[in-house]
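All values below come from the heavy atoms of this structure, side chains included, with hydrogens, waters and symmetry mates left out. We're numbering straight along the sequence, starting at 1.
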Amino acid sequence: MANRFAIILAAGQGTRMKSKLYKVLHAVCGKPMVEHVVDQVEAAGIEKVVTIVGHGADTVKGCLGNRSEYVLQAQQLGTGHAVLQAQAVLENEEGTTLVICGDTPLLTAETLESLLQYHEEKKAKATILTAHAADPNGYGRIIRNASDNVEKIVEQKDASPEEVLVQEINTGTYAFDNKFLFAALQSVGNNNAQGEYYLPDVIEILKNQGEIVTAYQMSDMGEALGVNDRVALAEASVYMKRRINEKHMRNGVTLIDPDNTYIESDVIIGSDTVIEPNVFLKGKTIIGEDCFIGSGSELSNTTIGDRVQIRSSNLEDSVMESDSNIGPFSHLRPNSHIGKRVHIGNFVEVKNAVLNEDTKVGHLTYVGDADLGKNINVGCGTVFVNYDGKHKHRSSIGDNTFIGCNVNIVAPVNVEANTFLAAGSTITKDVPEGAMGIARSRQENKPGYWEKLPPAKK
C-alpha cells in the first residue's frame with residue numbers, strides 16, 4: 001500500500017454561516033465539523049494530516065491539537081491555492097494524497113478508504129469522489145470516456161444539453177498521486193471571474209498530459225453534504241443523528257423514539273439499555289448494559305454502570321456505579337461519584353461529592369463537597385452547608401449514619417460511623433462514633449395564646 005497523506009481545507013471563514021465562530025468549528029452532534037473529518041481521515045489509515053488554516057487559525061489548531069500539521073493560507077485565493085500551501089510539507093513525498101474539505105463532516109472512513117484503494121488499484125494520478133444525484137442541479141457533472149475514466153468535469157453553466165442530464169456529480173473530495181498533484185498545481189491559473197486558483201483545474205491539466213483520471217462513485221450521496229450555512233448545518237446534524245442512533249440500535253440498544261433521541265458521536269451505550277424520547281447524551285458519556293434513561297434526562301461526560309435507572313435528571317462529569325438510581329428531577333454536578341445501589345430521589349443536587357454503596361438520599365437535599373460512607377440515610381431537606389462566603393469546605397459522614405429531616409451540616413464537619421443526627425439540627429461540630437448529634441432549641445408551648453390574637457379582618 002502506498003504512503004497516504006491528507007490535506008484538509010479549513011481556511012475559510014464561512015460568511016454564509018453569519019457567525020462569529022469559524023465555519024469548520026460549528027458542531028454536528030456535539031463535535032466540530034473539522035474534528036469529524038480528522039476522525040474519519042485517521043480511521044482510513046492516513047499517516048500524515050496537513051490542515052490548511054486561515055480565519056481562526058489558532059482556534060482550529062486548539063481544536064485539533066497535535067493530530068495535524070498546519071499551514072497558513074493568509075489570503076483565500078481558491079481551493080487550488082489552498083492546497084498549494086502544503087507544498088513545503090508534502091511535495092517530496094511519494095504516495096497518495098487525499099484532499100478533503102473541513103466542512104464535510106458526514107464522510108465516513110469506509111468511503112474514504114474505498115476511494116483511496118480504488119485510486120491505487122487503477123494506478124491513477126487523480127481520482128474524484130463522485131455521487132449519483134437524483135437532482136444534480138448546481139453540481140459539476142462527471143463526464144466519462146469509453147474506458148470509463150474521467151474525460152472532464154463540466155460545470156452546469158458550461159454543460160451541453162446532453163451533459164446537463166448526467167447525474168454523476170463531483171463531491172469536491174479527491175485522491176491524487178502526491179508528486180503529480182504539486183507539479184500540476186504549478187500550472188493552475190486564475191483566469192476567471194473571481195481571480196482564484198481552482199483545484200478541479202488539476203484534473204484537466206493531468207488529462208492533457210495523458211494521465212489516468214478516474215472517478216469512484218460513493219453509495220450514499222448524503223455523506224457528501226458540504227455545510228455552508230445554518231440550514232445545511234441542521235441537515236448534517238439530522239443525518240448524523242440518524243446514523244448514530246441506527247448504530248446503537250443495531251448494537252442492541254432500544255430507542256423508543258429515535259427521531260427524538262439525541263446522542264453525540266463519542267457516546268458508548270451497552271446492550272439492552274432502554275432510552276426514552278427527549279434524552280440528550282453528550283460528550284464522552286459511557287452507559288452500561290440493562291440501563292433505563294427516562295425522558296427529559298441529559299447526560300454529559302458521565303460514566304454509568306450496569307442496571308442504572310435515570311429518570312428525568314441532569315448528570316454532568318460524574319459517575320454512577322451499577323444498580324444505582326436517580327430522579328426524577330435531580331442533578332449531579334461535576335465530580336460526583338455515586339456508588340453501587342445508591343438511591344437518589346427527586347429534587348436532589350449533588351456536587352463534588354462521593355456517596356458510597358447502599359446510601360439513600362430520598363428528596364429535596366443538597367450534598368456538596370462531602371464524602372458519605374456506606375448505608376447512610378439522608379433525610380428530606382438536608383443541606384450540606386459547604387460555603388462560608390469565601391471558601392468551600394468539605395464534610396465527611398461515616399457508615400450507617402442516620403440523618404434526620406431538615407439537618408444542616410455546616411462544613412467542615414466529621415461525623416463518625418454509626419451515628420444519629422436528629423431532625424432539625426444544625427451540626428457545626430464533629431460527632432463521635434455511636435453518638436447522637438442534636439442542635440436545636442427546646443420547644444416551649446405558650447398556653448392561651450390563641451385568645452390573645454386580634455380578631456381577623458373580614
Side-chain angles (χ1 to χ4, degrees), residues 29-30 241 244-368 370-372 374-380 382 384:
C29 292
K241 177 170 72 72
I244 291 169
N245 289 358
E246 181 176 331
K247 177 193 72 173
H248 288 297
M249 288 188 288
R250 294 194 182 281
N251 286 338
V253 177
T254 295
L255 304 183
I256 302 299
D257 182 0
D259 287 341
N260 291 291
T261 303
Y262 303 87
I263 305 174
E264 293 186 355
S265 56
D266 289 336
V267 172
I268 298 171
I269 308 173
S271 64
D272 291 316
T273 285
V274 177
I275 300 175
E276 289 189 331
N278 197 30
V279 166
F280 290 77
L281 305 178
K282 300 179 177 182
K284 303 290 185 180
T285 292
I286 300 173
I287 297 172
E289 298 182 353
D290 302 295
C291 295
F292 172 82
I293 314 295
S295 180
S297 295
E298 180 177 314
L299 282 65
S300 178
N301 298 313
T302 291
T303 299
I304 302 299
D306 298 332
R307 300 174 300 281
V308 172
Q309 304 279 310
I310 299 172
R311 299 182 184 277
S312 304
S313 293
N314 190 318
L315 289 68
E316 47 184 322
D317 301 289
S318 293
V319 173
M320 287 189 72
E321 296 188 31
S322 297
D323 301 297
S324 57
N325 63 82
I326 185 172
F329 311 120
S330 287
H331 187 186
L332 294 188
R333 289 169 59 193
N335 301 316
S336 297
H337 191 116
I338 308 305
K340 294 179 181 178
R341 300 180 300 279
V342 168
H343 165 65
I344 297 176
N346 53 306
F347 300 104
V348 173
E349 180 175 329
V350 180
K351 188 270 293 183
N352 191 30
V354 177
L355 281 65
N356 281 293
E357 58 191 58
D358 298 308
T359 286
K360 298 176 175 59
V361 185
H363 37 259
L364 298 166
T365 292
Y366 171 67
V367 182
D371 299 290
L372 278 65
K374 302 175 183 178
N375 193 37
I376 294 170
N377 180 84
V378 181
C380 174
T382 295
F384 283 74

Only pairs at least two apart or in different chains count here, so list each salt bridge (Lys or Arg N to Asp or Glu O under 4.0 Å) that has a residue in residues 334-343. R341-E357, R341-D358
How would you list, by chain and number, every residue that makes a ring pair (Phe, Tyr, Trp, His ring centres under 6.0 Å) with F280, sequence neighbours excluded? Y262
Taking atom CG of L281 and atom NE2 of H248, what is their separation to the nearest 0.5 Å? 8.0 Å
Mind listing the side-chain donor-acceptor pairs of residues 319-329 below 3.5 Å, one per line with the distance, residues two or more places apart or on another chain?
unit_1	atom_1	unit_2	atom_2	d
E321	OE2	H337	NE2	2.6
S322	OG	D306	N	3.0
D323	OD1	R307	NE	2.7
D323	OD2	R307	NH2	3.1
S324	OG	E321	O	2.6
N325	OD1	H343	ND1	2.6

Nearest heavy-atom approach of C291 to T273 is N-OG1, 3.1 Å
Pairwise side-chain contact, I269 with I275, heavy-atom cut-off 4.5 Å (strictly under): yes
Does any N or O in the side chain of D257 come within less than 3.5 Å of the main-chain N or O of P277, such that one atom is a donor and the other an acceptor? no
Quick check: closest heavy atoms across V367 and F384, and the distance to 0.1 Å? CA-CD1, 3.8 Å
Heavy-atom donor-acceptor pair, S330 side chain to F347 backbone, under 3.5 Å: yes
Checking the side chain of S313 only, and the main-chain atoms of R311 only, is there a donor and an acceptor separated by less than 3.5 Å? yes
Filter on ring-ring contact (aromatic ring centres under 6.0 Å, His included), then keep only pairs touching residues 291-315, sequence neighbours left out; what's left? none
From N245 CG over to D259 CG, what is the distance, rounded to the nearest 0.5 angstrom? 8.5 Å
Evaluate the criterion side chain to side chain contact (heavy atoms under 4.5 Å, CB included) for residue pair N278 and N260; output intermediate values, then yes/no. CA-CA 5 Å; N278 197 30; N260 291 291; 5.7 Å; no
Around K247, counting heavy atoms of other residues, nucleotides and ligands shown, do more than 12 lie under 6.0 Å from its NZ? yes
Would you give the length of the straight line joining atom OG1 of T359 to atom CG of N375, rounded to the nearest 0.5 angstrom? 6.5 Å
Note: T365 and G379 closest approach over all heavy atoms is OG1-O, 3.4 Å
Can you measure from CG (D317) to CG (N335) and round to the nearest 0.5 angstrom? 7.0 Å
Sorted by first residue and then second, give each side chain to side chain donor-acceptor pair (under 3.5 Å) pair with at least one member in residues 293-305; sequence neighbours left out. K282-E298
Set out, in order, the CA-CA distance, both residues' side-chain angles and the distance that settles side chain to side chain contact (heavy atoms under 4.5 Å, CB included) for V361 and V350, then state yes or no. CA-CA 10 Å; V361 185; V350 180; 6.0 Å; no
Go through the steps for I304 and L315 under the test side chain to side chain contact (heavy atoms under 4.5 Å, CB included), then give the verdict. CA-CA 10 Å; I304 302 299; L315 289 68; 4.0 Å; yes
Qualifying residues under salt bridge (charged side-chain N to carboxylate O under 4.0 Å, His left out), relative to E246, sequence neighbours excluded: R250
Looking at L364 and C380, what are the two nearest heavy atoms and their distance? CD1-SG, 3.7 Å
State which residues pass salt bridge (charged side-chain N to carboxylate O under 4.0 Å, His left out) with K360; sequence neighbours excluded, sorted by chain then number. none
Run the side chain to side chain contact (heavy atoms under 4.5 Å, CB included) test against D272 and tell me which residues pass, sequence neighbours left out. D290
A side-chain contact here means heavy atoms from C-beta on lying under 4.5 Å apart; do L299 and I287 qualify? yes
Under the ring-ring contact (aromatic ring centres under 6.0 Å, His included) definition, can you give me all pairs with a residue in residues 298-321, not counting sequence neighbours? none
In chain order, what residues pass the salt bridge (charged side-chain N to carboxylate O under 4.0 Å, His left out) check against E316, with sequence neighbours excluded? none
For K351, what residues pass the side-chain hydrogen bond (donor to acceptor under 3.5 Å, both in side chains) criterion, not counting sequence neighbours? D369
Show, in sequence, the C-alpha distance, side-chain angles and deciding distance for I263 and L255, and conclude whether the side chain to side chain contact (heavy atoms under 4.5 Å, CB included) test is met. CA-CA 11 Å; I263 305 174; L255 304 183; 4.2 Å; yes
With K241, which residues qualify under salt bridge (charged side-chain N to carboxylate O under 4.0 Å, His left out), at least two apart? none
Roughly how far apart are L332 CG and N352 CG, rounded to 0.5 Å? 12.0 Å
